[in-house]
Protein chains: 2
Amino acid sequence: MVRSDARENRGRIMDAARAAFAETGDVSMNQIAQTAGVGAGTLYRHFPTREALVLAVYQEEVERIVGSVTRLLTEMAPVDALRFWTLDLVEAMRKKHGLGDAISASALHKLNEETYDPVITAITQLLDAAKADGSIRPDADPGDFLQFTGALWRAQADGENRAPRMLDLVIDGLETH
Amino acid sequence: MVRSDARENRGRIMDAARAAFAETGDVSMNQIAQTAGVGAGTLYRHFPTREALVLAVYQEEVERIVGSVTRLLTEMAPVDALRFWTLDLVEAMRKKHGLGDAISASALHKLNEETYDPVITAITQLLDAAKADGSIRPDADPGDFLQFTGALWRAQADGENRAPRMLDLVIDGLETH
DNA sequence: ACCTGAACACCGTTCAAGT
DNA sequence: ACCTGAACACCGTTCAAGT
């Protein structure tokens, strides 16, 4: 039986952590607890370790992204859904790599492992819709696509963001036109 | 002008760090300083940061391995040199991944980046010798070879080490026989 | 059943004092 | 020119006391 204040605190901690990890990730546990407005012990009651907190935040993010596929496909044409969805994913990848110094190498590895399968499933779903639709070549491979987009998160240097343009290039190559 | 005690201390620090990082890597800077028999300040005079020390140790290791190629090629047949050398490299990879939790994700990334070129050069040198010798197929690719061996460092579970056997398999596939 | 926050052991790093 | 090691600010994590 979870008390309501416990669930509320968990939410506040997740919010604070999400905001904290958004760009750099070099934020201490005590800082996150303070921002969330809870004691350090509460933070550790919910997430027994720093790594657990980081993992929880990014698993939630991946779930959100992966879960949005079905809705996107009802709202727009498959190719547009693919484009929109991928930019969302690329942004999440950028955040993940922004963790950089603050996350241990093995924690990052675990993150990648637990993230791979659901992401591939989502890409497959999007590509299949676009193939059924006839807008994308039937031989387009989800793994290849992920590999390509994996390079896009770097493409956000000074000033403007080249990721959308590069993504257009990739998608254009996959289209039957 | 480097004082002789400074050079001696540097060597002692490197020795201590090499031993410390050999398996796990969760050793504090103060511990390393103590093992090396120097004050903490001396450690930081030589390596301004933890990351700098880790990098130095593994760059030295890579240099040693890469530098051994020429000598190996004069001492044994090219294919044997390739086999011997690769096992040495695999062992170094295992150590690197053993750092696991103790090294930051970005430091590990930097390590991989600074290590890639010299390693590929060494592999090329070995493969070229074995190709000239006629023992290995002329179309063998250094990048592919590195990719293959990159999987071998995991193959050292409980008891015995399967890496040599797996490597034999790879090399056998490359031989002209 | 859950929360608070002072406290703990330890970390990477610095710097005054020495030779 | 270099070394020592006590000290600093801070870290992740724990736990007695509260409600």
Side-chain angles (χ1 to χ4, degrees), chain A residues 1-21 23-58 98-108 110-111, chain B residues 1-21 23-58 98-108 110-111:
Chain A
M1 200 32 185
V2 243
R3 250 165 50 178
S4 68
D5 55 343
R7 182 155 54 237
E8 222 180 71
N9 278 333
R10 194 180 198 281
R12 268 214 285 274
I13 291 169
M14 287 289 271
D15 289 346
R18 200 179 308 115
F21 294 152
E23 290 306 317
T24 49
D26 65 339
V27 206
S28 79
M29 291 297 265
N30 286 308
Q31 275 169 41
I32 292 174
Q34 202 170 0
T35 309
V38 303
T42 304
L43 172 49
Y44 276 90
R45 161 170 277 264
H46 288 282
F47 305 97
T49 204
R50 180 175 229 277
E51 195 180 300
L53 179 59
V54 176
L55 251 61
V57 167
Y58 280 90
L99 286 163
D101 318 301
I103 203 181
S104 82
S106 65
L108 184 66
K110 204 177 290 180
L111 213 59
Chain B
M1 205 23 190
V2 241
R3 249 163 52 176
S4 67
D5 55 344
R7 181 156 53 240
E8 222 181 71
N9 279 332
R10 193 179 199 281
R12 269 215 285 275
I13 291 170
M14 287 290 271
D15 289 346
R18 200 180 307 115
F21 294 153
E23 289 308 316
T24 50
D26 65 340
V27 206
S28 78
M29 292 295 267
N30 286 309
Q31 275 170 40
I32 292 173
Q34 202 170 0
T35 309
V38 302
T42 304
L43 173 48
Y44 277 89
R45 160 170 278 265
H46 289 281
F47 305 97
T49 204
R50 180 175 228 276
E51 195 181 300
L53 179 60
V54 176
L55 251 61
V57 168
Y58 281 89
L99 287 163
D101 318 301
I103 202 181
S104 82
S106 65
L108 183 66
K110 203 177 291 181
L111 213 60

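In what follows, chains carry the letters A, B, and so on, assigned in the order in which the sequence lines appear, proteins first and then strands, with residues in each chain numbered from 1.
Residue A:His46 places at least one side-chain N or O closer than 4.0 Å to OP1 or OP2 of C:dC3.
Looking at DNA chain D, the stems built from 3 or more consecutive Watson-Crick or G-U wobble pairs, each pair with its key distances under 3.5 Å, are C:4-8 with D:12-16, C:12-16 with D:4-8.
Minimum heavy-atom separation, B:Ala16 to B:Ile32: CB-O, 3.9 Å.
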Sequence neighbours left out, cut at 3.5 Å: what donor-acceptor pairs do the side chains of residues 2-13 of chain B make with other protein atoms?
residue, atom, partner, partner atom, Å
B:Arg3, NE, B:Asp5, OD1, 3.2
B:Arg3, NH2, B:Asp5, OD2, 2.9
B:Asn9, ND2, B:Asp5, O, 3.3
B:Arg12, NE, B:Ala36, O, 3.2

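One can place CD1 of B:Ile32 at 11 Å from P of C:dC11, the figure rounded to the nearest angstrom. Nucleotide D:dC10 holds its C1' atom 13 Å from the CG atom of A:Asp26, rounded to whole Å. Rounded to an integer number of Å, the gap from B:Leu43 CG to C:dC11 P is 13 Å. Here D:dG12 presents its P atom at 11 Å from CG of A:Leu53, a figure rounded to the nearest Å.
Between B:Asn9 and A:Gln31, the residue whose closest nucleotide on DNA chain D is further toward the 5' end is B:Asn9.
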May I have the step-by-step check of side-chain hydrogen bond (donor to acceptor under 3.5 Å, both in side chains) for B:Thr24 and B:Asp26, ending in yes or no?
CA-CA 6 Å; B:Thr24 50; B:Asp26 65 340; 3.0 Å; yes
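Note that NZ of A:Lys110 is 8.0 Å distant from OG of A:Ser104, once rounded to the nearest 0.5 Å. To the nearest 0.5 Å, atoms CZ (B:Phe47) and OG1 (B:Thr42) are separated by 11.5 Å. For the atom pair A:Leu111 CG and A:Ile103 CD1, the distance stands at 5.5 Å (nearest 0.5 Å).
A:Met29 is listed as a side-chain neighbour of A:Leu53, based on a closest heavy-atom distance under 4.5 Å. In this structure the side chain of B:Arg18 reaches within 4.5 angstrom of the side chain of B:Asp15, judged on heavy atoms.
Counting non-hydrogen atoms under 4.0 angstrom, B:Gln34 reaches nothing in the nucleic acid. Using a 4.0 Å heavy-atom cutoff across all strands shown, B:Glu8 reaches no nucleic acid atom at all.
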What string of B, S and - do you get for nucleotides 13-19 of chain C, 5' to 3', if B is base contact, S is sugar-phosphate-only contact and - is no contact with any protein heavy atom under 4.0 Å?
BBB----
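Using modelled atom types, no side-chain atom of B:Thr49 and backbone atom of B:Ala52 make a donor-acceptor pair closer than 3.5 Å.
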